[in-house]
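Structure record follows, encoded as structure tokens.
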Amino acid sequence: MSSENGRSGAGEPPEAAERGGEQLAFIRETVRKAKVPRAKPRTWRGAALAGSLPVARVLVDKGPVHLDQLWEYAVPAELDAAAQPGTRVRVRFGAGARNVREGRREGGGLLDGYIVERVAEAEYRGPLAALAQVLSPEPVLTPALYELCRSVADRYAGSLADVLQLAVPPRHARIEAEPSPEPLSPPARPGPGTWSRYPTGPAFLDAVSRGDSPRAVWTALPGPHWPQELARAAGTALAAERGALLVLPDGRAAARVDAELTALLGEGRHVLLTADLGPEERYRRWLAVSRGSVRVVVGTRAAMFAPVRALGLVAIWDDGDGSHSAQNAPHPHAREVLMSRAAHEKAAFLLGGFGCTVEAAQLVNTGWALPLAADRDRVRATAPMIRTVGDGDEARDEAARAARLPTLAWQTAREALKHGPVLVQVPRRGYVPRLACERCREPARCTTCVGPLEALEGDGGLRCGWCGRGQPEWHCAECGGRRLRARIVGAGRTAEELGRAFPSVPVRTSGRDHILDRVPDRPALIVSTPGAEPVAEGGYAAALLLDGWALLGFPDLRADEEALRRWLDAAALVRSQAEGGTVVIVAEPTLRPVQALVRWDPAGHAVRELADRAELGFPPVSRMAAVSGPPEAVAQFLAAAELPADAEVLGPVPMSVTAPGRPRRPGEAPPGERWDRALLRVRPGRGGALASALKTAQAARLAGRDGEPVSLRIDPLNIG
DNA sequence: AGCACGCCGACT
DNA sequence: GTCGGCGTGCTC
């Protein structure tokens with residue numbers, strides 16, 4: 001028993017009786033063959049262990065991918081009470097820890113971790129080190145949160161520690177010492193309100209109220225009601241003593257829903273959780289949720305892991321917005337995280353927006369969720385009138401020409417300005433679409449390497465996105481044309497030109513740097529980049545959606561869907577057709593997303609896109625992953641990885657070069673580096689196998705010394 | 001990732 | 001003999 005080589009029955013757990021009196025017996029004798037028998041672990045001589053469940057399974061925070069597993073530690077008696085599952089602990093880890101255990105000297109790094117569970121017996125067949133310290137009695141990593149993080153890490157081929165960093169905010173001892181407020185009693189159930197505009201809306205709320213877990217893809221009617229509707233759904237869950245979690249794409253949207261929740265529930269029953277609260281306030285509110293003081297959370301993607309008790313409803317608004325993807329590895333998407341939570345925590349699921357992503361259409365298509373939409377008649381009555389102008393139409397009116405506006409857009413604006421504010425949406429400058437020949441629309445390619453051309457900022461000419469060569473002598477390879485389509489004119493210059501065209505009307509801009517929240521119900525021109533449109537108090541009298549070709553020309557699989565989403569989000573701020581609301585879109589009228597806007601049929605558009613993707617084998621009908629890095633690293637990785645049998649490898653191909661001074665966009669190599677990217681594709685249902693193979697290969701790469709690691713991305717956003 | 005162990009050559 | 005190079009492998 002006490003001899004170093006005494007136990008050879010590996011795999012055979014010791015009898016419980018055998019463990020009873022002998023406190024050291026559960027520490028398995030080492031199976032490592034030692035030349036000289038080592039002394040018994042001295043740390044344990046006389047050190048009392050926890051009476052029951054003396055083994056803690058610990059997740060070590062941070063560290064390389066191949067440490068992504070649980071490690072077992074002995075629980076000393078004095079830490080027994082504090083070392084509860086979910087608490088933050090410190091443990092010795094590494095070779096130095098062995099020294100301590102064997103009584104040689106101090107050593108081994110102290111690492112932070114979480115106790116995931118307490119068990120009676122260790123699986124590890126070797127001597128256990130002891131927990132060094134319990135940092136705080138707060139059980140922050142609940143079993144449900146652990147399981148969620150585990151499944152997210154697996155799905156995204158990331159490490160648990162990385163996901164945990166997104167899910168559990170850093171500790172602040174002073175905040176932890178504060179008591180959280182007493183939970184308020186549940187409110188009365190609110191009525192359906194404007195949910196009754198949707199045939200199945202009230203039934204969805206009834207199901208939430210009953211404790212069921214309905215799932216809906218909600219195509220919201222245009223107009224200002226959606227924040228109230230989200231709040232009402234959360235209030236319905238809360239009235240049934242269920243928690244609710246609402247995830248919005250940005251702080252502005254979250255604040256609107258927060259205000260509606262306050263109006264509906266009063267103060268103290270919900271919290272707003274966003275990343276920009278600052279670490280202390282964020283932890284204070286997170287703790288209030290974790291402790292069950294508050295059961296309704298509204299926030300940005302920073303809230304998607306919020307440990308809401310008895311979760312009854314998860315909701316995501318505008319899931320096509322790119323900010324729903326976490327910026328940090330492994331980049332989980334809020335929609336996927338909330339789907340996982342709905343399934344595992346038996347909560348209702350509500351995915352809403354003015355647009356409809358292909359992923360949402362897929363949820364309906366597979367029967368995972370049901371559509372929740374208004375009747376066509378009501379959609380027509382609620383939406384503004386949409387008119388199109390082909391982008392080739394020349395402006396004949398002199399004033400219109402001065403403002404670069406087609407005549408119809410100019411006339412519409414002039415008329416609408418008599419009745420209220422007019423929104424003008426212009427694509428962001430620097431939003432560089434794939435350049436094309438003005439005459440034949442053939443994409444412009446590098447004369448040397450056939451890479452796509454980019455327009456440099458300002459008037460800097462043309463450059464190849466792959467090899468970086470300047471292209472002063474470019475001409476179209478198809479038709480010999482020498483002109484490219486006009487560049488985007490930014491919001492600033494558009495505002496100046498509109499100011500000259502409408503001298504008596506105030507012009508305001510809303511964009512990345514200065515986002516306007518709301519504008520009053522007075523005649524004004526509001527020039528905005530997509531996503532920054534202010535809400536107009538009484539709805540806009542009209543909207544002009546300019547330079548549609550720029551949104552549509554973006555070299556991405558989702559360009560059409562994204563363009564339609566941007567247009568719908570702007571057009572939804574415009575008064576209904578009955579109130580005179582008009583939208584003019586400047587884009588080729590025969591294009592599918594333009595037609596979908598005219599008919600206000602986002603779901604139909606998504607269904608057709610989905611069919612195309614199925615035909616081409618693109619996501620979400622297949623599952624994809626991107627592997628990028630230095631060319632040799634990508635090649636070695638692909639050669640070494642044991643990919644699932646049906647995995648298809650596309651590429652590798654060179655990634656675009658990041659222009660100096662421009663922020664790096666996804667799909668681009670770091671400045672000054674040449675990177676390759678390969679796409680991997682598997683059938684639906686095989687995404688888990690692909691992720692697991694990639695994780696294994698990446699772990700081997702990190703463990704081995706050869707070569708740099710590659711960058712992995714599951715569900716890459718920009719392909720095409 | 002660290003860190004120790006270990007098996008090789010050059011040295012006081 | 002023993003000091004130290006870094007090539008493998010383990011860390012509960």
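This structure is a prediction, so every number in the text was calculated from the model and none was measured. A, B, ... follow the sequence lines: proteins, then strands. Residue 1 opens every chain.
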Practice task
May I ask you to check whether A:Phe349 and A:Trp368 place their ring centers less than 6.0 Å from one another?
Solution key: yes

Practice task
Write down the distance between CG (A:Leu110) and P (C:dC12), rounded to a whole number of angstrom.
Solution key: 12 Å

Exercise for the section: Using atom CG of A:Asp68 as one end and atom C1' of C:dC12 as the other, report the distance to the nearest whole Å. Expected result: 15 Å

Completion exercise
Here the gap from A:Asn328 atom CG to A:Asp162 atom CG, rounded to the nearest 0.5 Å, amounts to 8.0 Å

Problem - Centroid distance under 5.5 Å and plane angle under 30°, A:Trp71 vs C:dC12 - result: no

Practice task
Find the distance A:Leu59:CG to C:dT11:C1' and express it as a whole number of Å.
Solution key: 15 Å

Exercise for the section: For residues A:Ala302 and A:Ala275, report the shortest heavy-atom separation together with the two atoms involved. Expected result: CB-N, 3.8 Å

Problem - For atom CG of A:Leu131 and atom C1' of C:dC12, their distance in whole Å - result: 10 Å

Practice task
Give the intermediate values and the outcome of side chain to side chain contact (heavy atoms under 4.5 Å, CB included) for residues A:Ser340 and A:Glu336.
Solution key: CA-CA 6 Å; A:Ser340 171; A:Glu336 305 299 316; over 6 Å; no

Handout entry: Nearest-angstrom distance from the residue atom OH of A:Tyr124 to C1' of C:dC10
Key = 8 Å

Exercise for the section: Round to a whole Å and report the spacing from CD1 of A:Ile115 to C1' of C:dC12. Expected result: 13 Å

Fill in the blank from the handout: To the nearest angstrom, the CZ-P distance between A:Phe93 and C:dG9 comes to 17 Å

Problem - A:Leu111 CG to B:dG2 P, straight-line distance once rounded to whole Å - result: 9 Å

